[in-house]
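Reckoned from all heavy atoms, side chains included, excluding hydrogens, waters and symmetry mates. For ligands, and for the atoms within them, numbers begin at 1 and follow the listed sequence.
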Amino acid sequence: MALRIQKYGGTSVADIDCINNVADRVLKGHEQGDQMVVVLSAMAGVTDKLLTLAGQASKRPDKRELDVLLATGEQTTAALLSMILKDRGYHAQSFLGFQAGIRTDKKSGKARILNIDCQQIKQALNNGSIAVIAGFQGADNEGSITTLGRGGSDTSAVAIASALKADVCEIFTDVDGVYTTDPRICSAAKKIKKISYEEMLEMAILGAKVLQIRSVEFAKKYNVPVHVRSSFSEEEGTMVVNESSDMESVVVSGITCDLNESRITLKKVPDQPGTSAKIFSPLAEAEIMVDMIIQNTRSGGETDVTFTVTKDDFIKAKEISEQVAKEIGAKEVLTAEGIAKVSVIGLGMKSHSGVAATMFKTLASENINIRLISTSEIRISCVILAKYAELAVRSLHTAFGLDQK
Ligand code: ASP
Ligand code: MG
């Protein structure tokens, strides 16, 4: 007997037929004698619709009430699945986030889970019930409903899996696993059987949308085995697990392309101690996440400082930079929006040399100019013009031997 957490995303619960399919799959596990905990997203598109409604009701919807509203999407699907299971003659019980004991901090709209008191869920399971939990939500210590950020049901599922010490956390979605790159860009992309938390985290941060970033952080921290798979087939998907020795033999496991960044350059910044602090402190105060930073020293005591931010933060970051440029005596602020960050990711980079050289040579052979470069232990990223992004991804996919045979 295993304890399994199954999370179903919005497209897997899009209508009653879909929810009936979910019930089939859950019952299959239950009939095998496994203890089943199901975590659900809202029906596809519902969270967006609720956001639109909130925008119609108020120019600046109150954050606490917005969370109360958004949480109803998941409340709906949890209730519907439980009804269907009960109609079929099984014991099932729905739980809203707070009923499942999920306690979070107070940050409305992006709350973090502080702890989970699983007593109620355990009791339901011990009574032979299937526990059906509304994802994406919890409550703070005053009892106010909070939500965990877009895509947050993944994090609910992984957190519950960790709290219950489940054998596996299965994430059912509309793709059949994690791919070496986006199959819509590169038809030679192939499904990865097993990937490490670290690599998955880099891929999620770089825009692979299969899992919410925070859910991968959580899985890594608490060592939760995650199985990403399709709710429309029986096929095995991708296992996201701790790194093992065989993984390092694969030098590059995936290639990502992020079109969501913009570049800002402060030109001819006086080369003095403290200028970087003056540039980046006000950005931090405005809660703007800076990604890549590059500084090149010119002659004559001046430097150029270039950095990237997400498109959402671009206007704000540009305003702040123009203000700071005046204060510190920088000559000019330049910006570029049509850029893409193409990255190669692989645990094997830790022990293999030449990955960067291969990447640069491949881009050069396509005549693609590199604007910025950054690296981590297991990733190399290059910023290029967005119009070359797809070409770059396909060429790199081939160059690193990832093409499907
Ligand atoms: N319903 C929420 C969203 O659309 C949470 C989730 O689906 O994971 O972001
Ligand atoms: Mg999702």
Side-chain angles (χ1 to χ4, degrees), residues 5-16 18-19 21-22 37-55 61 63-82 94-100 102 104-105 107-113 116 131-139 145-162 169-175 178 200-201 203-205 207-219 224 226-232 237 240 260 310 312:
I5 311 299
Q6 296 193 329
K7 180 260 170 179
Y8 292 89
T11 46
S12 311
V13 291
D15 55 30
I16 297 296
C18 290
I19 302 179
N21 290 338
V22 167
V37 177
V38 189
V39 177
L40 297 177
S41 283
M43 290 175 162
V46 163
T47 308
D48 289 332
K49 270 197 199 126
L50 292 170
L51 277 169
T52 307
L53 275 179
K63 286 186 172 167
R64 179 185 184 277
E65 306 313 333
L66 187 59
D67 273 0
V68 173
L69 178 71
L70 293 185
T72 62
E74 275 69 13
Q75 175 162 354
T76 307
T77 45
L80 290 172
L81 176 65
S82 304
S94 67
F95 294 88
L96 299 181
F98 76 90
Q99 293 169 322
I102 300 175
T104 73
D105 63 18
K107 292 215 175 73
S108 307
K110 50 177 174 194
R112 282 182 176 270
I113 296 176
I116 303 184
V132 181
I133 299 170
F136 179 52
Q137 54 178 277
I145 291 174
T146 52
T147 64
L148 309 178
R150 296 308 302 269
S153 304
D154 292 341
T155 300
S156 308
V158 173
I160 290 165
S162 135
C169 180
E170 295 173 291
I171 304 278
F172 287 92
T173 174
D174 50 4
V175 293
V178 180
M200 191 62 236
L201 195 55
M203 305 230 329
I205 291 169
K209 298 221 167 46
V210 268
L211 288 172
Q212 197 203 29
I213 297 167
R214 217 179 268 171
S215 73
V216 186
E217 287 170 350
F218 219 105
V224 179
V226 174
H227 187 179
V228 180
R229 56 192 308 186
S230 164
S231 55
F232 305 106
V240 189
N260 191 32
T310 63
D312 285 346

Out of all atoms in ligand 1, which are within 4.0 Å of some heavy atom of [X]? Include the element for each.
X: Ser41; value: 6 (C), 7 (O), 8 (O)
X: Arg150; value: 3 (C), 4 (O), 9 (O)
X: Gly151; value: 3 (C), 5 (C), 6 (C), 8 (O), 9 (O)

Where the side chain of [X] meets the backbone of [Y], is there a donor-acceptor pair that is under 3.5 Å apart?
X: Asp67; Y: Gly109; value: yes
X: Asp105; Y: Arg112; value: yes
X: His227; Y: Val240; value: no

(message) Measuring from non-hydrogen atoms of Gly152 to any atom of ligand 1, is the shortest distance under 4.0 Å?
(response)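 Right, Gly152 reaches ligand 1.
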
(request) Give yes or no for whether the N/O distance cutoff of 3.5 Å, strictly under, is met between Ser153 and ligand 1. (result)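 For ligand 1, there is an N or O atom that lies under 3.5 Å from one belonging to Ser153.
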
(message) Can you confirm, on distance only, whether ligand 1 has an N/O atom lying under 3.5 Å from any N/O atom belonging to Asp154?
(response)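 Between Asp154 and ligand 1, no N or O pair is found under 3.5 Å apart.
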
(request) Examine the proximity of ligand 1 to Glu74 and report which part, side chain or backbone, both or neither, has a heavy atom under 4.0 Å away. (result)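 Side chain only.
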
(request) For residues 70-80, pull every pair meeting side-chain hydrogen bond (donor to acceptor under 3.5 Å, both in side chains), keeping only residues two or more places apart or in separate chains. (result)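 Output for this query is empty, none listed.
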
(message) Tell me every residue that passes side chain to side chain donor-acceptor pair (under 3.5 Å) with Thr104, counting only those two or more places apart in sequence or in another chain.
(response)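 In terms of side chain to side chain donor-acceptor pair (under 3.5 Å), with neighbours along the sequence ignored, Thr104 is linked to Thr146.
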
(message) Please tell me whether Thr147 and Gln137 have a donor and an acceptor in their side chains that are separated by less than 3.5 angstrom.
(response)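 No - no donor-acceptor pair under 3.5 Å links their side chains.
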
